[in-house]
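Naming convention: chains lettered A, B, ... in sequence-line order (proteins, then strands); numbering from 1 in each chain.
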Amino acid sequence: MRELIAGAIARAMGSGALPTIGDDDRPEIEVSHAANPEHGDVTTNLALRLARPLRRSPIDIATAIADELGEIGPHVSDDRLASVEVAPPGFINMRLGDGYLERSLDAARALGASYGQLAAHRVRHIDIEFVSANPTGPLTVGNARGAFVGDLLSRLLEAAGNEVTREYYFNDTNRQVSLLGSSIAARRAGKPVPEDGYHGAYVADLANEMPEEVWEAASREDEERDTSLGRWAATRIRAGIEASLRELGVRFDVWKTEGSLYAEGWVERAIQRLRSGGHLFEQDGALWFCSTAFGDDKDRVVIRANGTPTYFAADIGYVAEKFSRGFDELIYVWGADHHGTVARNRNAAEAMGFDREAVQMLLYAWVHFVRDGADASMSKRAGEFISLDELLAEVGTDAARWYFASRATTTGIDFDIEAAKDQSAANPVHYVRYAHARISSILRKASEAGLSPHSSVAGTLAGDDISKRLCLAVLRLPEVVEDAASARETHGVTSYATELATTFHAYYRDRRVLDAADRETSARRLALVDATRQTIANTLGLLGISAPQSM
RNA sequence: GCGCCCGUAGCUCAGUGGACAGAGCGUCUGACUUCGGAUCAGAUGGUCGGGGGUUCGAAUCCCUCCGGGCGCGCCA
């Protein structure tokens with residue numbers, strides 16, 4: 001729909017009614033749905049944006065374009081545009097033809113579950129790495145946002161026509177693992193857990209669950225005991241993490257371990273690649289990456305003076321490994337506290353010859369969890385945290401998904417768990433789900449009365465603004481997906497879902513769908529309502545939220 | 001101190017150059033002997049943190065100040 005108008009305007013511009021200008025000065029043609037019905041169905045501010053480069057008044061330009069659109073018969077040659085108006089200070093407002101809207105709606109309905117799934121001009125392969133929490137404790141609410149944001153973004157980019165790989169990175173070789181081991185050993189032996197160790201109840205549970213033979217075997221290893229125990233525990237914890245994520249509705253395609261990057265030589269080769277490019281230097285016995293050459297404020301150590309590689313070394317190898325799999329873009333979903341590491345990673349990628357623009361970090365702001373008005377700690381170290389499982393059990397996956405989907409990732413948010421539970425009945429997510437259930441109920445009733453949806457809504461829109469409004473709302477989904485994918489934010493999808501549900505409820509009030517005495521009208525209205533139901537289901541599906549038949 | 005993010009209605013948040021700044025929740029009024037009242041209609045409510053500047057036009061861009069979060073390791 002948007003393409004149609006944009007194309008018509010482009011042709012109007014090309015017909016000579018306006019001075020021609022270079023492509024560089026030509027603003028992108030944006031056509032959007034009018035928020036105010038008085039402004040037509042779709043509107044564009046193109047004339048306002050052209051005023052400067054053309055050095056003519058917005059009204060004059062708008063009038064010229066509108067005249068072209070009004071006489072564009074040969075190009076449009078049908079009923080797609082019903083009217084074109086110019087409104088101060090230079091907006092071009094258009095109304096779409098009923099026939100065109102009806103055909104569009106029939107087409108959307110025919111697509112069924114795939115309506116809203118866009119076909120990309122070129123399929124891009126995108127890798128999205130998220131969560132990647134160390135296997136030193138269960139996932140907490142602190143990991144929740146990353147999990148939701150990563151999953152939602154994955155779904156969104158897939159809907160926009162990309163091929164997405166979901167990836168989880170485990171640190172299995174670091175000090176944290178041995179610290180976990182020593183914490184468990186202390187618990188097992190009935191000694192106090194080290195100050196900097198892990199104090200959560202799960203550590204005690206693991207210590208108790210640990211089979212005697214594991215404990216004895218590890219105890220014989222002396223120096224390696226902690227690491228050995230830590231590995232055992234990490235495996236157990238990892239299984240729990242995977243289970244939590246499944247519960248949340250997230251599936252990962254790739255589980256990558258830090259150890260494998262070394263075992264397969266990726267780190268070594270990446271370092272060699274940087275070395276041959278002249279991007280490494282030695283100082284104070286350590287090996288450094290010259291990150292400042294690419295704009296970073298400091299150079300970064302890759303190999304410590306003691307010969308051990310840093311976390312960053314693995315990151316470098318990982319980037320090369322990811323690109324070797326043929327991705328067009330790598331997205332990292334990180335907490336905002338990682339923003340200091342963004343530059344070095346992109347710099348290293350560039351230094352190795354990759355396109356730094358293909359390495360994108362999406363940083364999400366912290367969530368402040370509150371329970372009963374009090375601060376809820378989520379530190380694993382402190383041993384007091386709300387686990388992701390608890391959150392899902394209390395609030396529900398649908399509500400939690402909606403909560404995170406409806407807020408911009410860069411915005412710090414407060415999450416009062418008790419309030420979220422209390423408000424569940426008034427939660428917008430249930431409002432939208434209710435609309436779906438209500439339509440499902442109507443369809444059931446129709447079926448019982450021997451009525452079924454017509455194959456087309458043709459003839460239902462003429463002179464009926466109520467129906468037309470619902471039709472327009474249904475038809476907006478593709479551009480909602482496009483805009484959201486382009487912005488890489490999902491809150492546009494949740495607001496659309498709410499608007500669609502609201503529009504339906506208003507329709508429901510004003511138009512009786514089922515009328516045994518008028519089977520033809522009933523069938524047409526059932527078609528419109530069924531398209532609405534499908535669109536609500538698809539929109540919720542995009543967010544991983546259930547669309548129930550009844551509730 | 002330096003860097004990044006944020007400050008919009010009582011609350012939670014949209015709006016990142018355009019038409020009177022929007023939504024949900026909250027509060028207050030109303031609406032069913034008809035398809036699900038978990039609904040609908042209306043009302044209430046904002047110096048867009050303060051102050052300068054750029055622009056025909058600024059919540060949006062620039063500068064500055066105030067307030068909050070995060071980061072500035074040979075930790076991960």
| request: Quote, to the nearest angstrom, the C1' distance that separates B:G26 from B:G46. | output: 16 Å
| message | Using whole Å, what does the distance between atom P of nucleotide B:G71 and atom CZ of A:F312 come to? | response | 19 Å
| query | Separation of A:R444 atom CZ from B:G36 atom C1', in whole Å? | reply | 9 Å
| request: Return no unless some side-chain N or O of A:H436 is found under 4.0 Å from OP1 or OP2 of B:G36. | output: no
| message | Judged by each residue's nearest nucleotide on RNA chain B, which is more toward the 5′ side, A:D510 or A:T308? | response | A:D510
| query | Given that both distances must come in under 3.5 Å, which nucleotide forms a Watson-Crick or G-U wobble pair with B:G22? | reply | B:C13
| How far, in whole Å, is B:C74 from B:G51 if one measures between their C1' atoms? | 46 Å
| note | Using Watson-Crick geometry (N1-N3 plus N6-O4 or O6-N4) or G-U wobble (N1-O2, O6-N3), each under 3.5 Å, B:U55 is paired with none
| For A:N93, which contact category applies under a 4.0 Å heavy-atom criterion: base, sugar-phosphate, or nothing? | base
| task | Look at A:K256 together with A:E129 and state whether they make a salt bridge at an N to O cut-off of under 4.0 Å. | result | no
| message | Between P on B:U39 and CZ on A:R433, what's the gap in Å once rounded to a whole number? | response | 13 Å
| How many angstroms lie between atom OG1 of A:T409 and atom CG of A:L362, to the nearest 0.5 angstrom? | 4.5 Å
| field | Nearest to side-chain heavy atoms of A:V301, which nucleotide of B:U39, B:C74, B:A41 | value | B:C74
| query | Starting at the 5' end of RNA chain B and moving along, which residue's nearest nucleotide shows up first, A:D515 or A:F91? | reply | A:F91
| said: Taking the minimum atom-to-atom distance to the side chain of A:N134, which one of B:A76, B:G18, B:C40 wins? | reply: B:A76
| message | For A:A435 versus A:A501, what's the shortest heavy-atom pair and its separation? | response | CB-CB, 3.9 Å
| request: For the side chain of A:R509, starting at C-beta, report the closest nucleotide among B:C74, B:C40, B:A76. | output: B:C40
| field | salt bridge (charged side-chain N to carboxylate O under 4.0 Å, His left out) evaluation trace for A:E350 with A:R346 | value | CA-CA 6 Å; A:E350 185 178 351; A:R346 301 185 79 202; over 6 Å; no
| task | Write down the distance separating the C1' atoms in B:C13 and B:G7, rounded off to the nearest Å. | result | 13 Å
| request: Identify whether any heavy atom of A:R512 sits under 4.0 Å from a base atom; if not, whether one sits that close to sugar-phosphate; answer base, sugar-phosphate or nothing. | output: base
| said: What's the gap between B:C61 and B:U39 when it is taken at their C1' atoms, as a whole Å value? | reply: 44 Å
| request: Starting at atom CG of A:D518, determine the distance to atom P of B:C35, rounded to an integer number of angstrom. | output: 18 Å
Distances under 3.5 Å between protein N/O atoms and the N/O atoms of nucleotides 3-5 of chain B, please, pair by pair.
{"residue": "B:G3", "atom": "N2", "partner": "A:H339", "partner atom": "NE2", "Å": "2.6"}
{"residue": "B:C5", "atom": "O2'", "partner": "A:T410", "partner atom": "O", "Å": "3.2"}

| query | Do you know which of A:Y168, A:Y332, A:W334, A:F252 makes ring pair (Phe, Tyr, Trp, His ring centres under 6.0 Å) with A:F130? | reply | A:F252
| note | Of the listed B:C35, B:C75, B:A19, the closest approach to the A:T43 side chain comes from B:A19
| request: State, to 0.1 Å, how close A:A348 and A:L274 come at their nearest heavy-atom pair, and which atoms those are. | output: O-CD2, 4.0 Å
| field | Base-pairing mate for B:G36 - Watson-Crick or G-U, with both contacts under 3.5 Å | value | none
| field | Atom-to-atom span, CD1 of A:I439 to C1' of B:U39 - whole angstrom | value | 13 Å
| remark: From the list A:V474, A:L477, A:V480, side-chain contact (heavy atoms from CB on, under 4.5 Å) partner of A:L500 resolves to A:V474
| Angle class for the A:F294/A:F289 ring planes (parallel below 30°, perpendicular above 60°, tilted otherwise)? | parallel
| field | Other residues, nucleotides, ligands: >12 heavy atoms within 6.0 Å of A:Q272 CD | value | yes
| Nearest to side-chain heavy atoms of A:R407, which nucleotide of B:G36, B:A14, B:A41 | B:A14
| remark: Residues of residues 543-551 of chain A with a heavy atom under 4.0 Å from any atom of RNA chain B, listed by number, are A:Q549, A:S550, A:M551
| What does A:A435 touch in the nucleic acid at a heavy-atom separation under 4.0 angstrom: a base, only the sugar-phosphate, or nothing? | nothing
| field | Separation between the C1' atoms of B:G18 and B:U64, rounded to whole Å | value | 27 Å
| query | Reckon A:R304 has a side-chain N or O less than 4.0 Å from the OP1 or OP2 of B:C75? | reply | yes
| For B:C28, the Watson-Crick or wobble counterpart (both distances under 3.5 Å) | B:G42
| message | So if I take every side-chain heavy atom of A:D284 and compare against B:G71, B:U39, B:C74, which nucleotide ends up nearest? | response | B:C74
| said: Quick check for you: among B:U39, B:G36, B:G73, whose closest atom lies nearest to any side-chain atom of A:K298? | reply: B:G73
| message | Applying the Watson-Crick and G-U wobble criteria at under 3.5 Å, what pairs with B:G73? Answer none if nothing qualifies. | response | none
| field | Same-atom distance (P) from B:G22 to B:A59, integer angstrom | value | 12 Å
| request: Sticking with atom C1', work out how far B:U12 lies from B:C35, rounded to a whole angstrom. | output: 34 Å
| message | Please report the interatomic distance OG1(A:T521) to NE2(A:H454), rounded to the nearest 0.5 Å. | response | 10.5 Å
| Any Lys/Arg nitrogen of A:R512 or A:D515 sitting under 4.0 Å from an Asp/Glu carboxylate oxygen of the other? | no
| task | Determine: side-chain N/O of A:Y431 to OP1/OP2 of B:C40, distance under 4.0 Å, yes or no. | result | yes
| Sugar-phosphate only, base, or nothing, as touched by A:R525 at under 4.0 Å among non-hydrogen atoms | nothing
| message | How many whole angstroms separate atom CD of A:E448 from atom P of B:G36? | response | 10 Å
| said: From C-beta outward on A:W288, which listed nucleotide comes closest to its side chain: B:C74, B:A19, B:C35? | reply: B:C74
| Whole-Å P distance, B:G53 and B:A19 | 23 Å
| said: Which heavy atom of A:T410 sits nearest to which heavy atom of A:L363, and what is that distance? | reply: CG2-O, 4.2 Å
| message | Between C1' on B:C2 and CG on A:D296, what's the gap in Å once rounded to a whole number? | response | 13 Å
| said: Could you tell me the Watson-Crick or G-U partner of B:G7, where both distances fall under 3.5 Å? Say none if there is no partner. | reply: B:C66
| said: Looking only at the side chain of A:I442 (C-beta and beyond, no hydrogens), which of the listed nucleotides B:U39, B:C35, B:A14 gets closest? | reply: B:C35
| remark: Between CH2 of A:W402 and C1' of B:C13 the distance, given in whole Å, is 13 Å
| task | Calculate, to the nearest 0.5 Å, the distance between atoms CZ and OG1 belonging to A:F404 and A:T494 respectively. | result | 13.5 Å
